[in-house]
Undergrad: 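Pasting a structure here, questions to come.
Note that this is a predicted model, so its numbers are computed, not measured.
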Amino acid sequence: MSAKASSGPAGGPGGAVPDPQRPVAPASKRTEGPADRPEAIRNVALVGHSGAGKTMLVEALLAATGAISRLGTIEDGTTVSDSDPSAIHQQRSVALSVVPVMLGSTKVNLLDTPGYPDFTGELRAGLRAADAVLFVVSAVEGLAVGTAALWGECERLGMPRVLVLSRLDHPRADYDGVLAACRQAFGSRVVPLYSPLRTDGGITGWLGLAAGRVSEYPGGSPRPATRDADAAEREASESDRAVLVESIIAEADDETLMDRYLDGEDVEPQVLAAALAAAVARGAIFPALGVSSLAGAGVAEVLAVLEHVLPSPVGRGLPAVKDLQGSPAPPVSCDPAGALVGEVVRTTIDPFLGRIALVRVFSGTLREDSAVHVSGRGLSSRGHEDHDSDERVTHLHSPLGAGLRPVPYCVAGDICALTRVNGAETGDTVSAKDAPLLIDPWDMPEPLLPIAVEALSRNDEDALAKSLGKLTASDPTLRVERNAETHQLVLWCTGEAHAEVVLDRLRSQGVKVATVEVVVPLRETFGAPAAGHGRYVKQSGGHGQFAVCDIDVEPLDRGAGFEFVDKIVGGVIPGPFVTSVEKGVRSQMQSGVFAGFPVVDIRVTLVGGKTHSVDSSDAAFQAAGALALREAAAAGRIQLLEPVAELAISVPEDCVGAVMSDLTTRRGRLTGTLSAVGGVTDISAEVPEQELLHYAVQLHALTAGAGRFRRSYLRHEPVPPTANSPTHSRP
């Protein structure tokens, strides 16, 4: 099927670009001020694998709209969105950043998200705040291993997506090949909006397939010269245009468009534009286009898509709300006059401004000098205890990377930053003080890499505690654990890169810490029956201490716990002192009898003893019970028990062999495999915890970042004599 769409002026999607003659306002005018209505707002997350070119695309869009005078560079750490010191050090995005640009009367909040798997929490925060996605794929590297997982994150949330093939200025860029790979991986709903115009120097312009207009970028200018396509250009792009037009018409609500198209009638570009925008909002079509951020070719087309194709907050569903007691509340809408409901999607700590909360306002209007209620629920397992506080919004800002510009209000659909709101943490709900509401936080990735840290001095211990409190408030993917058995302070991170960021931030706050090997909390038990004699006799004048007890110790089945049996005959030990012996045994079990770990799964039988009419006491028999257990351990055979985890791993099919082979080297026992959808295989196994201390790093290496795993405690098992366990004692 084919039909010719009539040519039309620039200014809309599907072939249109911003008017190149439209004057560009100074940056201070184009980025200041709040939006007045949700329909004029676009919240767009830039998503893609690390190195795909998201940050430089943001730079190019800022330069094209006059917000900045020149492009920054990642190498120099001068980009607007990567201002975090850790991002500059690692030369990749490590945190969510918001950069607004003005396109006429439309405010576009660009949310630059990290593409590295360690920072999935920041990605999900960006998706929570966004209404649509620019999915960026490098035309040089193509589909990285983790790209499918990122696409799946967007698919799970039903996010409207536009595919952007970046880095077309690179000599090895392959626009056609990577576009074909994307269509194969993501389906036929990926449809190009433009056809590239090529010269010996590469792609120098684009032909809009719907409107038949050509944009040319002479001399690398981000502002194109536009003209109607000539006959040869139209003919060369006819098949691509037919695919686009047919895809739009097939998804259009107006069924008469298909009849008109089949009859060979021209369909106006404006009609196609409206149908395209509606189809994109429903996720029925994923438009694709290319861009060279450095050379400028394609930047205007991306701006046109942001302004005309992607949906406003009004068309997107909002999170469900409930009252503070957990009962469902009436649904809210993206209405500036509605009930105030917002969510803290990121928190940072500034040494001068204090806590800065980045808030997406879903409903109502957040105003300066207003009273709000801040609620945090559902993240207690991450160290974020449930909390509520009433706060006053004294300072309201529009964020621009690390910069803040004061604004008087923020309407539904927009994003703002609050300063000096001490009770706000990432994931909290901001609502009206007199009508508080609550939103369930988004899914946070489970931190699976433990890092044990120690303060270098007593002064650093206090500073460490304060700094960790700030970090956990801003980063829900970080879990801080003070292990009661090993007495270690363990930071649970999502990976090595995340751990590096956490340690960098601690040290930047003046905290001196060192990392040490994580100690796995083992258990002790008796490997065979044993007998113990406890004699506690002290006489140094006056009232003395006297207690003697004899015990038999037997091992029990794993998980059986502890049993204490009284077989005293003839009352040689009175009943109250029998209880004292049990207390002493239990106390010694908690302290350990060999390597300092708790003793479990034993039966202790009290079979004999002696008392003194004056010197026997509760304390003496507790001491005798502990001594008897230690003597039994010295005479018997003590066995160490290690925790074993149940592991659930999801990996690409081509990585299954490597992952399973690695599990065998970790003393793992495979319990099952299952081929899931999308070329992913689920593997279940039982693996000792000692072998999983660095598994998050190693699985990332084995699967190029595509592997995911969950673990849960299963049971304790004897440590085999040949096990390579680095330590069996408490620090």
Side-chain angles (χ1 to χ4, degrees), residues 13 31 33-47 61 96-113 123-135 154 156-162 274 276-284 303-321 329-346 357-367 396-400 407 409-418 429-432 437 439-442:
T31 57
D36 293 319
R37 54 193 182 91
E39 293 82 1
I41 300 171
R42 306 288 184 270
N43 296 308
V44 183
L46 283 82
V47 174
L61 296 175
L96 173 67
S97 180
V98 178
V99 178
V101 297
M102 293 301 298
L103 303 177
S105 60
T106 301
K107 180 183 181 182
V108 181
N109 291 314
L110 300 171
L111 296 107
D112 188 10
T113 67
L123 164 70
R124 292 179 180 174
L127 293 178
R128 181 63 161 243
D131 302 303
V133 166
L134 284 185
F135 199 90
C154 301
R156 182 175 58 86
L157 299 173
M159 299 294 293
R161 275 150 282 171
V162 169
L276 173 64
V280 170
R282 294 194 308 269
L303 291 172
V305 166
L306 291 172
E307 185 175 4
H308 300 292
V309 175
L310 294 178
S312 74
V314 177
R316 291 286 294 167
L318 301 182
V321 294
V332 296
S333 60
C334 189
D335 180 3
L340 176 62
V341 178
E343 188 170 26
V344 180
V345 294
R346 185 164 191 258
L358 192 66
V359 177
R360 161 69 195 265
V361 179
F362 290 109
S363 173
T365 300
L366 187 58
R367 299 185 183 278
L396 192 63
H397 305 268
S398 176
L400 176 61
V407 292
Y409 58 85
C410 181
V411 300
D414 207 353
I415 298 173
C416 63
L418 309 181
T429 302
V430 178
S431 57
L437 295 170
I439 303 174
D440 286 333
W442 59 91

Undergrad: If we only count heavy atoms from C-beta on, is the R128 to I439 side-chain gap below 4.5 Å?
TA: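 Counting from C-beta outward, R128 and I439 do come under 4.5 Å.
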
Undergrad: Run through I41, D36, D335, V361 and flag the one making a side chain to side chain contact (heavy atoms under 4.5 Å, CB included) with V411.
TA: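 Going through the options one by one, the only one that passes is I41.
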
Undergrad: Can you name the nearest heavy-atom pair linking L303 to L103, along with the distance?
TA: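 Heavy atoms only, the tightest pair is O-CD1, 3.4 Å.
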
Undergrad: Output yes when a side-chain donor or acceptor of T365 lies under 3.5 Å from a complementary backbone atom of P336, and no otherwise.
TA: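 Pair found, side chain donor or acceptor close to backbone of P336.
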
Undergrad: Kindly say whether L46 contributes a backbone atom to a donor-acceptor pair with the side chain of T113 at under 3.5 angstrom?
TA: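 Answer holds: yes.
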
Undergrad: Under a 4.5 Å cut-off applied to non-hydrogen side-chain atoms, are L358 and P399 in contact?
TA: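 Counting from C-beta outward, L358 and P399 do come under 4.5 Å.
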
Undergrad: Measure across P313 and N43 and return the closest heavy-atom pair with its distance rounded to 0.1 Å.
TA: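 Where P313 meets N43 most closely, the heavy atoms are CG-ND2, 3.7 Å.
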
Undergrad: Counting N and O atoms only, with roles assigned by atom type, does the side chain of R161 sit under 3.5 Å from a partner on the main chain of M159, one being a donor and the other an acceptor?
TA: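 Checked: pair present.
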
Undergrad: Evaluate V162 against L310 for side chain to side chain contact (heavy atoms under 4.5 Å, CB included), listing each step before the verdict.
TA: CA-CA 8 Å; V162 169; L310 294 178; 3.5 Å; yes

Undergrad: For the residue pair L366 and L418, establish whether any side-chain heavy-atom pair is separated by less than 4.5 Å.
TA: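 Yes - at least one pair of side-chain heavy atoms lies under 4.5 Å apart.
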
Undergrad: Could you tell me whether a side-chain N or O of R42 sits under 3.5 Å from a main-chain N or O of E307, the two making a donor and an acceptor?
TA: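 Such a contact is found between R42 side chain and E307 backbone.
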
Undergrad: Check whether any side-chain N or O of S312 sits under 3.5 Å from a backbone N or O of A40 as a donor-acceptor pair, and report yes or no.
TA: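 Side chain of S312 to backbone of A40, a donor-acceptor pair under 3.5 Å: no, none is there.
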
Undergrad: Search all heavy atoms of A357 against all heavy atoms of V344 and return the closest pair with its distance.
TA: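 Looks like CB-CG1, 3.9 Å.
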
Undergrad: Under the side chain to side chain contact (heavy atoms under 4.5 Å, CB included) rule, what do V108 and L61 come out as? Steps first, then yes or no, please.
TA: CA-CA 11 Å; V108 181; L61 296 175; over 6 Å; no

Undergrad: Do the side chains of R316 and P160 get nearer than 4.5 Å, heavy atoms only?
TA: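 They are in contact (side-chain heavy atoms under 4.5 Å apart), so the answer is yes.
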
